[in-house]
Amino acid sequence: MTDLPTTDTTEPTTDADDRDPLFARIPRRDFMKAGAATGALTALAGCTSMLESDGDNGTAAAGSADHHVPPGELDEYYAFFSGGHSGEVRVYGVPSMRSLMRIPVFNLEGARGYGYDDETREMLEDAGGYTWGDVHHPRVSQTDNEYDGRWLFVNDKANGRLARICLKYFETDAIVDLPNQQGTHGACALMPDTKYIFGVGEFRVPMPNDGRDLDDPSAYTSVLSAVDPETMNPVFDVKVSGNLDNGDSGKNGRWFFSTSYNSEEGVTEREMTQADMDWVTAFDMPAIEEALDNGDYEEINGVPVIDGTKDSPLNNADRPIVRYVDVPSNPHGVTVTPDGTYAIASGKLDNTCTIMELDLLGEVGDPNDAIVGQPQVGMGPLHTRYDERGHAYTSLFVDSQIVKWDIEAAVESEPRSEDAVIEKIDVHYNPGHLNASQSFSSDPKGDWLISLNKQSLDRFLPVGPTFPVNDQLIYIGDDEEGMELVKDTPTYPEPHDATIVHRDNINPETVYDPDDLALEPVAGGEDDITREDGRVEVRMINQRNQFGFQDITVQEGDEVEITTTNIETSENIVHSLAIPQYDINVKTAPQETRKVTFTADKPGVYWIYCAYFCSALHLEMRSRLLVEPED
Ligand code: CUK
Ligand code: CUA
Ligand code: CA
């Protein structure tokens with residue numbers, strides 16, 4: 001252990017106390033190095049083996065857990081990582097942690113032609129016209145509490161949006177700008193069958209936010225927005241007291257949970273951390289739907305807004321629509337166990353997790369009576385995930401550790417007892433989220449866990465003042481030997497969360513089915529140019545190594561619309577149609593049709609070229625756009 005990297009971000013120092021009064025408020029445990037703090041701790045299986053290197057990409061790797069995926073072999077899992085404020089989603093293979101693909105969502109992306117053809121450009125325009133987003137939470141749709149491989153949903157914390165990625169083609173196909181929400185944080189779904197997608201609204205704003213109540217924070221509101229996954233249209237909002245943050249659904253369609261760290265309804269950090277207790281909001285979905293059916297709502301910006309605040313008449317009837325469960329100050333993550341029995345919340349300023357029993361919530365008069373356990377797990381517990389063997393894994397931001405603990409043991413032990421803790425493992429450093437294979441479904445696999453650490457510090461070659469973050473792969477499949485750290489993966493800033501899905505549950509197509517596309521494909525031999533009143537419509541194929549026309553001649557000022565189909569049928573022969581001086585780069589994969597419209601306002605010769613390396617004569621795959629001057 002003495003040979004481990006010595007950079008230590010885990011121990012709050014006197015300096016930190018001076019700098020940040022919050023540190024002084026966090027209950028302390030004995031600060032011993034490397035997790036030897038709890039009696040139940042056995043061994044840190046990852047530590048000694050971290051010192052070995054198998055030469056695999058230069059990353060530290062361990063002996064016993066078989067994480068090596070040799071060249072030519074495929075991974076067992078897909079991991080969908082959020083891309084943070086890059087606005088994209090990244091697809092990795094697990095356990096290799098090889099980066100497989102990036103899916104642009106809220107950003108522009110030349111290589112995929114995303115934001116450069118008419119369809120994706122209009123989708124981004126209709127969703128507010130912003131050029132970036134802040135993706136935190138990727139969730140794969142489920143049927144009967146199993147991943148069904150239809151869609152991946154993500155949030156945009158920056159602009160209050162939700163997006164849908166079609167997993168048949170691994171591309172974004174819908175974005176909704178939630179009208180009553182700023183700072184959509186959690187992106188979750190109502191299980192078992194993904195009935196709604198929820199945008200969990202973090203930032204409180206006036207309702208509607210049209211200039212009223214500017215400096216009256218007591219009139220601001222956070223809402224939970226329910227969106228139809230098929231149409232991606234808002235169905236209803238529920239406004240709450242306090243705010244909302246992260247969320248998760250129960251397994252039988254009744255409960256949805258979110259943490260609320262701003263019960264104070266403050267607007268400064270100081271105000272938001274005044275109260276000793278905040279709460280978890282438990283949304284009773286059938287009761288909310290009944291209120292909707294009964295017309296118990298106010299329509300704001302075209303969306304029915306149901307009042308779920310503490311004083312609402314709907315919360316003071318026999319069956320409250322939202323129940324508020326008190327939890328220690330500034331909670332952050334909340335997730336439901338795979339069997340649907342408990343919801344487990346934890347937060348930044350207390351060293352416990354709070355366990356609520358879902359069935360009890362519907363029965364008890366006081367929602368706090370649904371709390372059935374409160375184990376002490378370590379400093380700064382943020383997020384919790386699960387295996388299929390009754391264990392919870394919680395990221396400890398301040399301690400820079402992942403703690404494994406026994407859920408039933410925690411229910412049986414006294415509040416604030418450490419008895420349920422089985423083991424802790426150091427991570428490098430300061431984990432935000434973690435995720436485990438299939439953890440959001442009712443069928444977790446309990447083999448791999450990824451710790452998404454915010455700080456990498458000394459783990460990689462320096463690349464300037466902006467560091468990569470460090471996503472670490474941990475083997476959790478051996479309860480005897482304990483958790484084992486097997487890989488460091490440097491990642492471009494900054495994933496918050498990931499969903500790890502078995503490859504059997506994801507079945508993407510490798511060639512487009514033209515029936516799935518909105519545009520009529522151009523068939524070979526049917527290339528065509530039509531002109532009418534300053535408008536030129538070009539329909540042409542592309543294939544190795546040519547476009548349908550060698551030249552396209554237009555007049556200065558013409559509006560030009562080019563529709564192009566890649567008529568290849570072989571997998572992975574991708575072409576693009578780039579007209580750089582007109583800022584165009586449209587990618588077409590086999591059997592894909594795309595359309596781009598622009599105004600030819602610059603006379604001259606413009607080479608149209610294919611930007612994808614598609615064959616030996618790829619460089620010759622060119623045409624000319626000839627723009628004749630007006631006079
Ligand atoms: S939040 Cu980032 S570490 Cu958006 Cu799920 Cu907790
Ligand atoms: Cu087609 Cu390069
Ligand atoms: Ca608070």
Side-chain angles (χ1 to χ4, degrees), residues 22 25 81-85 134-139 154-158 183-188 200 202 241-248 258-279 326-335 345-350 380-385 394-397 430-435 451-454 469 493-499 541-547 564 566-568 572-578 585-590 608-623:
L22 289 185
R25 292 189 47 196
F81 281 73
S82 58
H85 33 89
D134 191 1
V135 179
H136 283 216
H137 298 112
R139 293 286 182 101
V154 294
N155 73 304
D156 173 13
K157 171 161 162 152
T184 301
H185 191 190
C188 315
V200 187
E202 181 177 351
S241 300
N243 76 334
L244 298 167
D245 189 15
N246 279 287
D248 198 21
S258 169
T259 49
S260 172
Y261 61 79
N262 188 12
S263 66
E264 301 89 345
E265 305 192 338
V267 293
T268 64
E269 182 213 83
R270 176 158 287 278
E271 287 169 3
M272 291 184 235
T273 52
Q274 285 307 302
D276 288 336
M277 301 292 278
D278 289 299
W279 53 64
D326 296 329
V327 297
S329 181
N330 287 47
H332 185 63
V334 59
T335 49
S346 60
K348 294 158 286 212
L349 298 181
D350 190 77
L382 291 188
H383 294 284
T384 300
R385 299 292 185 265
T394 301
S395 55
L396 302 175
F397 182 82
N430 303 93
H433 269 275
L434 74 175
N435 221 306
S451 176
L452 293 92
N453 308 313
K454 297 301 185 192
V469 298
E494 65 164 358
H496 279 252
D497 194 3
T499 294
I541 57 108
N542 66 76
Q543 64 178 325
R544 282 164 290 177
N545 302 299
Q546 59 189 336
F547 296 100
T564 187
N566 177 337
I567 61 168
E568 309 267 2
N572 202 17
I573 304 295
V574 182
H575 303 288
S576 85
L577 183 153
N585 185 21
V586 174
K587 169 231 74 172
T588 50
I608 301 173
Y609 82 103
C610 168
Y612 258 86
F613 201 104
C614 50
S615 76
L617 291 173
H618 145 80
L619 294 177
E620 287 81 357
M621 185 171 169
R622 294 195 300 189
S623 293

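Positions are given from 1 along the sequence. What you see is a predicted model; the values in this text were computed from it and never measured. One-based numbering, in listed order, for ligands and for the atoms of each.
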Within Met621, is some N, O or S atom less than 2.8 Å away from atom 1 (Cu) of ligand 2? yes
So His185 and His137, do their side chains get closer than 4.5 Å, heavy atoms only? yes
So, do Arg385 and Asn435 sit near enough that their side-chain heavy atoms are less than 4.5 Å apart? yes
Under 3.0 Å from the Ca ion (ligand 3), the protein N, O or S atoms, given as residue and atom: Tyr261 O, Glu264 OE1, Glu264 OE2, Met272 O, Asp278 OD1, Asp278 OD2, Asn330 OD1
Which atom name would you report as the N, O or S atom of His575 nearest atom 1 (Cu) of ligand 2? ND1
Would Met272 and Asn262 count as a side-chain contact (heavy atoms from CB on, under 4.5 Å) if you check the C-alpha gap in whole Å, the side-chain angles of each, and the deciding distance to 0.1 Å? CA-CA 5 Å; Met272 291 184 235; Asn262 188 12; 3.3 Å; yes
Per-atom filter on ligand 1: closer than 4.0 angstrom to a heavy atom of His383 are 1 (S), 3 (S), 5 (Cu), 6 (Cu)
Below 4.5 Å, heavy atoms only, C-beta onward: do Ile573 and His575 meet side chain to side chain? yes
Any sub-3.5 Å donor-acceptor pair from Ser623's side-chain atoms to Ile608's backbone N or O? no
SG (Cys614) to atom 1 (Cu) of ligand 2 to SG (Cys610): angle, nearest 10 degrees? 120°
Charged N-O contact under 4.0 Å between Lys348 and Asp278: no
List nothing but the number: protein N/O/S atoms under 2.8 Å from atom 4 (Cu) of ligand 1. 2
So, do Leu577 and Thr588 sit near enough that their side-chain heavy atoms are less than 4.5 Å apart? no
Side chains of Cys614 and Val574: does their closest heavy-atom pair fall under 4.5 Å? no
Report yes or no: does Ser260 contribute a side-chain atom to a donor-acceptor pair with the main-chain N or O of Trp279 at less than 3.5 Å? no
Can a donor-acceptor pair be found, under 3.5 Å and without considering hydrogens, that links the side chain of Ser258 to the backbone of Gly247? no
Looking at side-chain heavy atoms only, is the closest gap between Pro590 and Asn566 below 4.5 Å? yes
